[in-house]
Amino acid sequence: MTRLAVSAPGEKMAAVQDGGSEPEGEKEPQPELPSDGSSAPAATPASKPEEQQQQQQQTLLAVLQFLKRNKLIESVDALRREAGLADEPDEAPGSEAGGGVGGAAAGSADSADASALLSRVAGAAQSGAASAPAKGGEDQPDVSVVLSAYSQQGDPSLYQVYYSGLKKFIESVLDCHRAELSQLFYPLFVHMYLELVYNNHESEAKAFFEKFSGDQECYYQDDLRVLSGLTKKEHMKGNETLLDFRTSKFVLRISRDSYQLLKRHLQERQNNQIWNIIQEHLYIDIFDGMPRSKSQIDSMSGSLAGEARREANKAKVFYGLLKEPEIEVPLDDEDEEAENEEGKPKKKKPKKDSMGSKSKKQDPNAPQQNRIPLPELKDSDKLDKIMYMKEATKRIRLGPETLPSICFYTFLNVYQGLTAVDFTDDSSLIAGGFADSTVRVWSVTPKKLRKVKSAADLSLIDKESDDVLERIMDEKTASESKILYGHSGPVYGVSFSPDRNYLLSSSEDGTVRLWSLQTFTCLVAYKGHNYPVWDTQFSPYGYYFVSGGHDRVARLWATDHYQPLRMFAGHLGDITCTRFHPNSNYVATGSADRTIRLWDVLNGHCVRVFTGHKGPIHSLAFSPNGKYLASGSTDGRVLLWDLGHGLMIGELKGHTDTVYALKFSRDGEILASGSMDNTVRLWDAFKAFDDVETDDFTAATGHIHLPDNSQELLLGTYLTKATPVIHLHFTRRNLLLAAGSYNSQ
Amino acid sequence: AQTSRGSREERRFAEVPRESIKLMAESAGVELGDDVAAMLAEDVCYRLREATQNSSQFMRHAKRRKLTVEDFNRALRWSNTETICGYGAQDALPFRPLKEGELFFVEDREVNLVELALATNIPKGCAETMVRVHVSYLDGKGNLEPQGTVPSAVQSLSDDLLKYYQQITRAILGEDPHLMKVALLDLQSNSKIAALLPYFVYVISGVKSVSHDLDQLNRLLHMVKSLVQNPYLYLGSYVRSLVSSVMYCILEPLAASINPLNDHWTLRDYAALLLSHIFWTHGDLVSGLYHQILLSLQKVLSDPVRPLCSHYGAVVGLHALGWKAVERVLYPHLPAYWANLQAVLDDYSVSNAQVKADGHKVYGAILVAVERLLKMKAVSLSASAEGGAAALQGSVGGMMGFRESSPGLSPPPEPLSEPPLGIASHLQAGGAGCQWEEWTPVSLPDMYCELYSFFGDSLAVRFSTGPALGGAPSATPIQSSDTRKEPGSGAANLESTRKMPQLTANMNISPRQDGSPRTEPAPPSLATAPGRLGGAPKRKKGGQSRDIFPKARFPPPQVGPPAFSFLIGGRQMGRRCQGRRFQTSFTPTPSLTSLPPRAYAHKLPVIGRVSKPVRRWTCSHYSLYLPL
């Protein structure tokens with residue numbers, strides 16, 4: 001079916017060796033997925049700060065210690081060998097070490113602690129560390145390594161003086177610098193507080209917190225609440241938020257002028273305490289040019305680890321769409337219909353161009369057609385494509401004047417709690433994931449759901465007959481809905497395969513299950529996350545799927561492999577939602593750390609980090625042309641991102657509660673958003689993207705002025721009957737379907 | 001678990017004090033020092049906060065706003081902590097303080113498992129989870145009002161509708177009878193007032209506030225009728241509200257009925273007719289309505305504390321709902337009820353006169369109801385004997401003018417389950433004590449005998465002469481053969497009743513087909529046969545009336561004596577009393593109230609149907625003929 005040559009890693013030893021041989025694999029012209037399931041840690045920038053390397057060494061030592069304790073001698077040797085290589089100045093790319101480590105991680109995936117620890121190490125090797133939930137005493141050495149950075153100590157009573165001195169200074173500087181320097185408050189406050197706590201100055205810490213916590217930006221409230229609960233050194237162990245804060249440097253973007261101002265002030269005052277913290281725990285990204293305004297800063301800040309570094313968004317992203325395969329309908333296959341259909345695709349071609357999906361000539365922004373191996377189309381897929389094109393001719397062109405009609409599918413009598421919904425692309429089936437561990441599938445059309453007959457019955461069927469596909473179905477099992485049992489925890493994500501033969505579901509029980517919609521049975525349970533899996537989605541071309549969960553690692557799977565092909569590590573919080581790019585070459589993940597990351601499926605690199613949301617991100621949607629991404633979060637805002645330039649280009653304010661559903665219309669003209677506040681809102685996506693002119697992008701600083709035009713872009717607000725909107729879907733003819741469960745309570 | 005809010009400082013979270021920790025340790029058999037307990041307490045607080053923090057993500061991913069115990073348990077489970085059991089219930093747990101100290105605890109009632117296991121009220125299975133299309137917006141246009149909530153005010157209606165609403169209500173409730181008629185007619189035929197339906201229903205539900213004003217009650221009932229007859233209106237669940245208002249008029253001891261001069265009887269009759277009309281035309285809109293109505297009627301009937309006018313309402317209500325309702329509810333109740341009624345009727349004291357008059361009303365209503373019961377039962381028997389008699393039944397029904405009573409339209413078969421709750425106050429909500437009694441069909445002859453024992457000759461069932469069978473020649477022989485089977489005395493009486501012209505109490509509840517309000521003193525009765533009227537002096541008899549019929553609620557007759565009252569006279573035979581005379585009085589209608597009250601009570605004309613030469617009938621010579 002495909003040319004994928006992916007072999008599951010067997011033992012740890014083998015995995016490590018695979019990792020070692022990875023570079024050769026990548027050099028080969030034939031695109032082949034590396035088989036070791038290596039994760040994100042790849043080519044780190046050569047200009048790595050000194051102390052980071054030291055830290056990397058420290059963590060590597062911790063890993064070695066751990067491996068030794070678990071009698072994984074070969075792994076120790078291998079790692080030591082590679083670590084030794086890694087010590088050579090920049091000769092060996094970090095990916096090697098990371099690859100080896102990642103391989104080990106995949107190999108010993110069943111040991112939660114090990115993988116958690118290792119993935120953190122891997123993350124540290126990159127830049128933003130991934131600290132998976134570290135629990136128990138197993139990772140004690142690592143935690144102490146991490147926290148020991150706080151052991152240096154100033155006079156606890158002077159902390160307040162230091163902080164208020166800085167505060168006074170920042171308040172006295174010129175307005176244009178004040179906004180930029182104010183960014184320092186929050187990270188400094190947190191680190192000073194943690195230092196006090198770590199050194200057992202409980203009362204000083206409390207006083208410090210009470211005095212200055214009110215000064216912090218309101219969108220840090222949630223973090224401050226966690227922080228305020230923490231008053232003892234013992235609490236810091238095992239607190240993930242703290243580890244995140246320590247392991248990742250808080251990134252600030254400050255103009256050179258402002259930075260000079262700050263530096264001069266601190267040197268004059270001999271304020272070493274603060275200077276040390278800035279040196280060690282903050283990463284100040286200095287740019288030349290005009291200082292940013294308060295609103296510009298506010299729009300980008302809010303994430304757990306500050307803004308994204310500029311170089312994090314510099315990689316090229318091939319956001320264009322893949323060329324659609326030419327579909328030839330064999331004449332002998334279908335007699336009269338074939339003639340119709342043969343004509344149709346030809347006619348459609350110009351139309352499709354106008355829709356933005358370049359089918360004739362290669363889009364310059366599109367990835368190589370075979371950049372990642374994709375499954376070949378089956379006959380049934382071709383038929384479906386033809387159906388799709390037929391439907392597309394009847395599609396309504398939407399715009400501000402012609403808004404879509406909306407149908408709301410209400411789930412009734414959902415005592416067990418509806419947690420996830422998905423529609424098939426042709427809108428014929430609807431699947432619901434429920435908190436009682438069940439998955440239910442309904443047929444939205446009059447066509448009932450039928451199972452395939454049992455093996456014994458199947459053997460009686462005349463396989464030569466024309467209607468064999470009809471004959472294999474068991475008419476007795478026809479019903480409007482089917483229930484799939486198998487999970488042992490709430491089902492948080494469901495996704496149909498594009499060919500409607502499979503359904504994926506991810507659950508709190510740590511598994512992702514693949515169900516057959518022919519037999520309505522479970523085919524595979526993909527284990528690997530070990531923690532709740534919050535979301536999963538099929539690739540638009542099928543075969544691959546992505547999942548992400550509480551362990552902060554997104555995984556790429558292929559349906560015929562029981563182990564992941566890629567692990568995307570880097571988020572500092574749970575991965576709450578996962579989406580495939582329309583060209584299947586990228587995966588976007590939204591996280592509770594309030595960032596969105598875009599990952600390259602080919603090499604596992606993180607190619608984009610978007611910050612700006614002030615709450616966990618619960619919905620993502622790519623525009624149909626692949627250029628843009630929309631994201632919705634618990635704060636009720638929807639942000640629009642340009643993937644090519646890696647910039648925020650729009651902010652849609654209006655919802656008053658978590659945005660759980662986002663969807664672009666088939667032509668990308670309209671963005672629909674559904675929320676917990678019981679409304680569906682329609683936005684003029686065309687205008688939103690049009691208003692932002694590319695001039696903004698050319699500015700080297702990459703700062704843009706966001707027009708505050710939410711009200712102009714909002715085309716309509718539609719209320720449901722006291723029903724939160726969980727899912728949105730545009731049919732092939734641009735009818736908007738929404739779904740949610742009615743809860744009378 | 002004992003938790004107390006830290007009183008010291010302005011802490012923002014709940015704290016577990018060290019005393020609690022010590023207590024818990026003791027219960028586990030461990031002695032703790034103060035400092036250890038303090039350390040532990042602090043750590044416990046922190047862990048609790050941490051778990052709470054972690055639990056919120058389960059809530060967010062379940063797309064809920066409410067944090068549940070289940071969420072918290074999941075957080076505990078993922079941090080390798082034992083989960084807490086027994087708090088998974090949906091309803092809030094009562095959290096109580098202890099008076100003696102600052103102790104708070106969750107009330108934990110003991111559950112009797114045996115009782116629970118053997119309980120008969122096993123909850124039915126939950127309805128199936130399903131997906132339905134509910135809200136649709138076409139081309140992005142649609143109702144932008146909050147859906148699912150009733151429009152908050154009249155202001156949200158269009159100006160025209162608002163004006164219409166004001167005009168109509170003003171006209172109907174106003175003084176001008178002509179205007180009222182026009183308004184009612186329009187209400188009956190206007191096709192564009194669907195949006196106003198809730199408001200009209202609301203106005204009608206105001207019956208409770210005007211129970212002193214018969215006129216207004218009447219007008220409101222007419223409004224009900226107009227709404228019900230409007231073919232363009234879909235009443236939906238508003239049927240309940242309407243039925244509740246109508247039932248109020250039928251059953252309640254209205255303030256207006258305190259004054260005997262008020263003809264609340266007519267109102268009740270009219271309301272009963274309306275009820276049957278609503279039920280037969282819109283009963284399918286609300287499931288279980290029929291049985292809810294029956295239950296509430298039955299409850300009133302079996303409640304001896306209720307005044308007689310309520311009983312009267314219950315009887316006419318049953319009558320209006322059709323003979324099957326009478327058979328099912330009234331007939332089995334009759335023996336018990338009869339004793340009470342008889343006690344009232346037998347009390348000839350002056351103070352009881354008013355109550356007694358009311359008693360006769362009830363008596364007459366019962367008589368009419370059981371008469372029709374017998375008649376219709378006979379018809380249905382004959383019809384079923386004939387086989388394909390559906391058409392016949394229809395014609396019978398049509399001829400009788402009781403569309404609702406024809407067997408072909410008998411109530412839709414509904415399971416005799418408990419009615420769903422949540423209905424307006426006047427629909428019986430399936431409370432204890434008014435469960436359906438065992439009901440077994442009684443054969444016609446047995447029923448006749450039983451009834452005859454109560455009513456004696458006044459029970460006139462005109463099998464052959466009644467209009468009911470005029471068009472059904474084939475039915476006659478069967479019926480007669482049916483009745484022939486009855487015991488001798490009954491049969492003899494039956495024979496005699498056939499010959500007798502009669503005036504029954506039909507006038508009480510004679511259904512006026514047009515349904516328009518009539519204020520004539522004597523409504524046209526179905527049976528227009530000339531009757532004999534006997535003026536009978538009231539006999540005083542020192543009978544005791546039972547307290548349960550609260551005569552005290554009615555003013556003594558001297559206060560406001562009726563100018564006229566018509567009585568139906570008859571004789572009661574049978575096992576309970578021998579040859580007791582009975583009479584039913586009719587109070588005059590309001591049109592006559594202008595007459596000065598006069599002490600006519602002793603010269604009241606009695607409308608009597610004296611059955612055939614009765615043995616020991618002494619008062620027959622007092623009877624007067626009164627051509628109707």
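Predicted, not measured: the structure shown is a model, and the values here were computed from it.
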With chain B as the partner, which of A:Cys577, A:Pro616, A:Ser481, A:Gly417 has the greatest number of non-hydrogen pairs under 4.5 Å?
A:Pro616
Looking at A:Tyr718, I'd like to know if the NZ or CZ of A:Arg681 sits under 6.0 Å from its six-membered ring centre while staying within 45 degrees of the ring's axis.
no
Residues two or more places apart in sequence or in another chain: which of them pass salt bridge (Lys or Arg N to Asp or Glu O under 4.0 Å) with B:Asp34?
B:Lys22
Please examine the side chains of A:Phe411 and A:Phe434, heavy atoms only from C-beta on, and report whether any two atoms are closer than 4.5 Å.
yes
Spatial distance of atom CG (A:Asp535) from atom OG (A:Ser547) [nearest 0.5 Å]:
9.0 Å
Among B:Gln57, B:Gln53, B:Glu50, which residue forms the greatest number of heavy-atom pairs with chain A at distances under 4.5 Å?
B:Gln57
Could you check if a side-chain atom of A:Phe423 sits within less than 4.5 angstrom of a side-chain atom of A:Leu737, using non-hydrogen atoms only?
yes
Counting only heavy atoms closer than 4.5 Å, note whether A:Glu480 contacts chain B via side chain, backbone, both or neither.
side chain
Do you know which of A:Leu418, A:Leu715, A:Asn678, A:Asp657 has the most heavy-atom pairs with chain B at a distance under 4.5 angstrom?
A:Asp657
Please look at B:Glu70 and chain A and tell me whether the side chain, the backbone, both or neither of the residue comes under 4.5 angstrom of a heavy atom of that chain.
neither
Among A:Thr634, A:Asp574, A:Val414, A:Val444, single out the residue with the greatest number of heavy-atom pairs under 4.5 Å to chain B.
A:Asp574
For the residue pair A:His618 and A:Tyr660, does the interplanar ring angle fall in the parallel (under 30°), tilted (30 to 60°) or perpendicular (over 60°) class?
perpendicular
If I measure from the heavy atoms of chain A, does B:Arg47 come under 4.5 Å with its side chain, its backbone, both, or neither?
side chain
